[in-house]
Number of protein chains: 2
Amino acid sequence: MTQSDRAIADTVGTDPEHMARIARALSHPARIRILQLLAEQNECKGAEVFSGLPLAQSTISEHLRVLREAGLVSSHPVGTAMTYCLVPERIAAFTDALDFVADAPACDS
Amino acid sequence: MTQSDRAIADTVGTDPEHMARIARALSHPARIRILQLLAEQNECKGAEVFSGLPLAQSTISEHLRVLREAGLVSSHPVGTAMTYCLVPERIAAFTDALDFVADAPACDS
DNA sequence: GCACTTAATCGTCTATCGACGATAAACGAT
DNA sequence: ATCGTTTATCGTCGATAGACGATTAAGTGC
């Protein structure tokens, strides 16, 4: 890892606490599914998220809260409903931080 | 996402269960620290991992087990000690899968 | 064989997660 | 104002995670 690589990494945030929080938000299949659903709808669609998963409405709402608190998803009301959007930059920042690990040379043994 | 992108993604594995398992393994600050430590030592060093964190030996051993079971770290005995190595490909595969979400167009609202 | 070092496992405890149904809160429409 | 729709929150429960010290297992060296 070069000096400038390190600088970029610091910008992006390699803080273990922070990275772990993001990973935690990603650590449930339903939440991955939600992100994939949102990624598929390039128009950030409302809460047919609720019908897209075999889980109770309250459960999905909770998953959305976790994703929102991690900054991976944003939401805003639209009439009586809600629109959920990906925040791709946050996910990209996380993968960037991880890449400094992924790009490490493999063990030579 | 193009057709060929999708093919790559499938190869790499966008299965939510699988992705969530990897994220789960990454979801603890101590485990992130361990990966960073291993990435810094380009020679995959033994268990001065144990002295690198303010945690009991048994706790760190447990974290290493989680990382090993997720395939992110490998280990082999060297004399009476142990050598731990990153498996960068596994981490890369995970970030690749995530990038299909990270590369999604941002919400236009 | 016996001591010594190192890592993994066990047992226990507390804290957090994830699921659900029920309820509340916000809003639009009539 | 009331009703229906949509989402968030609450309360509860069982399951899992994470920490630790103690113990076991594996390997080296005498």
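Chain A is the first sequence line, chain B the second, and so forth, proteins listed ahead of strands; every chain is numbered from 1.
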J.: Look only at the side chain of Gln36(A) and the backbone of Thr14(B), and say whether a donor-acceptor pair between them is shorter than 3.5 Å.
T.: yes
J.: Grab the NE2-C1' distance between His63(B) and dA17(D) for me, whole Å please.
T.: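 Distance, rounded to whole Å: 10 Å.
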J.: Give a yes or no answer on whether the side chain of Arg24(B) reaches the backbone of Arg24(A) with a donor-acceptor pair at less than 3.5 Å.
T.: no
J.: Look at the side chain of Arg90(B) and the backbone N and O of Ala70(B), then say whether any donor-acceptor pair between them is shorter than 3.5 Å.
T.: yes
J.: Whole angstroms only, please: what is the CZ-C1' distance between Phe50(A) and dT9(D)?
T.: 12 Å
J.: Separation of His28(A) atom NE2 from dT16(D) atom P, in whole Å?
T.: 12 Å
J.: Strictly below 4.0 Å: does Arg24(A) bring a side-chain N or O up to OP1 or OP2 of dA17(D)?
T.: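 The answer is no; no side-chain N or O of Arg24(A) sits under 4.0 Å from OP1 or OP2.
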J.: Give the rounded distance in Å between these two atoms: CZ of Arg65(B) and P of dA17(D).
T.: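 Spelled out: CZ on Arg65(B) to P on dA17(D) is 9 Å.
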J.: Does the plane of the ring in Phe50(A) sit parallel, tilted or perpendicular to the ring in Tyr84(A)? Use 30° and 60° as the thresholds.
T.: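 Judged by the thresholds at 30° and 60°, the geometry between Phe50(A) and Tyr84(A) is perpendicular.
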J.: Is there a donor-acceptor pair under 3.5 Å between the side chain of Asp15(B) and the backbone N or O of His18(B)?
T.: yes
J.: When the distance from OH of Tyr84(A) to P of dT6(D) is rounded to whole Å, what number comes out?
T.: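 Spelled out: OH on Tyr84(A) to P on dT6(D) is 12 Å.
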J.: Starting at atom NE2 of His76(A), determine the distance to atom C1' of dA8(D), rounded to an integer number of angstrom.
T.: 17 Å
J.: Treat primed atoms plus P, OP1 and OP2 as sugar-phosphate and everything else as base, then score nucleotides 21-28 of chain C 5' to 3': B for base contact with protein heavy atoms under 4.0 Å, S for sugar-phosphate contact only, - for none.
T.: BB----B-
J.: CG of Leu64(B) versus P of dA7(C): gap in Å, rounded?
T.: 9 Å
J.: Rounded to whole Å, how long is the line connecting atom CE of Met82(B) with atom P of dA25(D)?
T.: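 After rounding, the gap between these two atoms is 16 Å.
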J.: Looking only at side-chain atoms of Leu55(A), point me to the closest of dT7(D), dG18(D), dA19(C).
T.: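 In terms of side-chain proximity for Leu55(A), the closest of dT7(D), dG18(D), dA19(C) is dA19(C).
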J.: Mark yes or no for whether Arg31(B), through its side chain, and Ala25(B), through its backbone, hold a donor-acceptor pair below 3.5 Å.
T.: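 Yes; judged by distance alone, with no hydrogens or angles, the pair exists.
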